[in-house]
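Below, all heavy atoms of this structure are taken into account, side chains as well, without hydrogens, waters or symmetry copies. One is the number of the first residue; the rest follow in order along the sequence.
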Amino acid sequence: MLLLMKVLVIGNGGREHAIIWKLAQDRCTPELFCAPGNAGTATLATNLPIAAEDIPALVTWAKINRPDLTVVGPEAPLCAGLTDALEAEGLRVFGPCRAAAALEGSKAFSKEVMDAAGVPTARFHTYTDSAKAIAGLEEFGLPVVIKADGLAAGKGVIIAKTRKEAESALHDILDKRRFGQAGTEVVVESFLEGEEASVFALCDGEHVVLLPAAQDHKRIFDNDEGPNTGGMGAYTPAPVATHEVMLFTKEKIVLPVLQELKRRGIVYRGVLFCGLMIRGKDVQVLEFNCRFGDPETEVVLPSIASDLVPIFSACVDGTLHDELVQLRTESATTIVMAAPGYPGSYPKGLEISGVTEAEAAGCHVFHAGTALRDGRVVTAGGRVLTVTAFGKDLREAVTKAYEGVNQIHFEGAHYRHDIAAKAFKYL
Ligand code: AMP
Ligand code: GLY
């Protein structure tokens with residue numbers, strides 16, 4: 001009897017649906033589980049009613065069911081040591097151990113590692129005392145960037161345009177504990193200008209393979225206006241990340257960081273998300289994340305032509321090499337459809353229609369915040385769906401993705417109309 005490979009994916013967003021969707025196409029046809037998953041993952045995997053942060057329950061399930069591979073989507077369980085806990089049971093995990101995940105979990109640690117590895121990043125100081133931090137502002141011009149050290153669900157970065165704003169951010173974080181324990185330390189750094197790109201580096205501790213660069217759209221409204229969100233759309237490849245920029249990212253950023261971690265006895269296995277600020281040939285690291293980005297994953301993973309299990313396995317086993325990762329030649333775009341009110345408060349339970357029609361039009365619809373209610377798919381989050389399309393070039397991918405979006409309806413749905421527009425100036 002042929003035993004199917006079992007793969008467990010942790011998380012419940014568009015990123016995890018895209019991971020599951022890609023795994024489902026592998027030639028080894030793995031048996032898929034998702035904890036906790038959403039209405040999209042439910043069509044391809046068995047959803048488990050276990051929260052992504054519930055490490056004891058995940059370990060208990062894994063001890064009994066022995067997945068051959070576990071893929072961890074979000075940062076919280078990685079930073080809390082899910083990989084370490086599963087590896088202690090002899091299980092294989094794609095995603096860094098707790099000490100390596102601290103590249104995202106502690107911005108102070110991340111900056112210190114970059115400094116030691118000689119990686120270009122904004123000039124910075126770290127502080128635990130607000131009076132010292134305020135005195136230190138003298139060394140930076142305006143705007144100045146203030147970051148809570150720990151995980152703050154994407155809200156821990158303040159770009160202060162005035163001295164007064166900077167002082168009140170420092171008081172809020174260090175004295176009023178606005179981000180709780182995540183704000184016992186702050187990073188103060190200089191403001192960088194340029195264009196941002198996200199580069200995912202697959203790592204096996206030693207070897208690195210970069211996936212094509214993507215660009216996210218963080219603000220809620222067109223022309224990068226309004227408040228920040230988790231990301232409203234993405235496209236790949238991002239022309240701002242030229243061949244030269246990618247080479248620099250591998251040789252002068254990722255490899256030195258892996259070496260520096262290794263020197264400290266830390267092995268980085270999984271994906272290292274490099275948030276870059278690019279200006280011409282100048283590349284600076286804004287941040288590292290210890291996981292795939294969302295919604296970038298919804299364009300980058302579908303762009304991989306090769307099977308995913310062998311790639312993730314090579315990262316775990318230390319056998320990663322370029323030939324494992326063959327890419328499609330088309331461009332991809334994804335548009336996030338959000339609930340009314342997002343990124344503020346929003347209703348849930350709105351009925352969604354038109355997904356089948358969007359897929360018939362050639363799009364891949366990934367569920368981000370959805371649930372099943374009486375057999376129907378309803379909204380269950382702020383970012384509800386992400387609609388991905390390929391095209392022979394970026395313009396065609398964008399047109400097709402919006403054709404898909406136009407098929408889908410739920411009350412008050414909103415989305416940006418200018419995804420990938422920034423790239424057109426390069427084309
Ligand atoms: P981070 O979580 O560190 O990536 O910061 C979130 C966002 O804040 C980034 O995507 C940038 O848009 C912005 N940002 C962070 N650091 C800087 C910086 N030093 N200069 C300019 N913008 C920054
Ligand atoms: N799209 C940015 C992130 O996942 O952090």
Spell out, as yes or no, whether a donor-acceptor pair under 3.5 Å connects the side chain of [X] to the backbone of [Y].
| X | Y | value |
| --- | --- | --- |
| Asn47 | Asn38 | yes |
| Arg15 | Gly293 | no |
| Ser110 | Ser106 | no |
| Thr370 | Ala39 | yes |
| Thr379 | Gly381 | no |
| Asp149 | Gly183 | no |
| Arg219 | Gly226 | yes |

Are any of the side-chain nitrogens in [X] or [Y] under 4.0 Å away from the carboxylate oxygens of its partner?
| X | Y | value |
| --- | --- | --- |
| Glu396 | Lys392 | yes |
| Arg177 | Asp172 | no |
| Glu138 | Arg163 | yes |
| Glu260 | Arg264 | yes |
| Asp317 | Arg92 | yes |
| Arg416 | Asp418 | yes |
| Glu75 | Arg291 | yes |

Between Asp216 and Ser198, does the side chain to side chain donor-acceptor pair (under 3.5 Å) criterion hold? Intermediate values first, please. CA-CA 7 Å; Asp216 188 8; Ser198 308; 5.8 Å; no

Any salt bridge (Lys or Arg N to Asp or Glu O under 4.0 Å) involving residues 180-189? Give me the pairs, sequence neighbours left out, ordered by first then second residue.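 Counting only pairs at least two positions apart or across chains, the salt bridge (Lys or Arg N to Asp or Glu O under 4.0 Å) contacts touching residues 180-189 are Lys111-Glu189, Lys147-Glu189.
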
Rounded to the nearest 0.5 Å, what separation is found between the [atom1] atom of [X] and the [atom2] atom of [Y]?
| X | Y | atom1 | atom2 | answer |
| --- | --- | --- | --- | --- |
| Phe424 | Asp393 | CZ | CG | 8.5 Å |
| Leu258 | Arg263 | CG | CZ | 14.0 Å |
| Leu308 | Ile19 | CG | CD1 | 7.5 Å |
| Leu394 | Ser331 | CG | OG | 5.0 Å |

With sequence neighbours left out, the residues meeting side-chain hydrogen bond (donor to acceptor under 3.5 Å, both in side chains) with Thr388 are Thr334

Does the pair Val145 and Val188 meet the rule for a side chain to side chain contact (heavy atoms under 4.5 Å, CB included), with working shown? CA-CA 6 Å; Val145 184; Val188 178; over 6 Å; no

With side chains defined as the heavy atoms from C-beta onward, is the minimum distance between Phe191 and Phe140 less than 4.5 Å?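 A side-chain contact is absent here, since even the closest heavy-atom pair is not under 4.5 Å.
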
Within a 6.0 Å radius of atom [atom1] on [X], are there more than 12 heavy atoms belonging to other residues, nucleotides or ligands?
| X | atom1 | value |
| --- | --- | --- |
| Lys425 | NZ | yes |
| His321 | NE2 | yes |
| Arg328 | CZ | yes |

Taking it one step at a time, do Gln215 and Glu195 satisfy side chain to side chain donor-acceptor pair (under 3.5 Å)? CA-CA 9 Å; Gln215 199 167 50; Glu195 209 176 308; 3.0 Å; yes

Full working for side chain to side chain contact (heavy atoms under 4.5 Å, CB included) between Val7 and Thr70: CA-CA 6 Å; Val7 182; Thr70 299; over 6 Å; no

Partner of Tyr402 under side chain to side chain contact (heavy atoms under 4.5 Å, CB included), chosen from Ile419, Val387, Thr333: Ile419

Check against side chain to side chain contact (heavy atoms under 4.5 Å, CB included), Leu202 and Val325: CA-CA 10 Å; Leu202 296 164; Val325 186; 4.1 Å; yes

Ring pair (Phe, Tyr, Trp, His ring centres under 6.0 Å) between Phe292 and Phe200, worked out: CA-CA 7 Å; Phe292 285 113; Phe200 300 157; 5.4 Å; yes

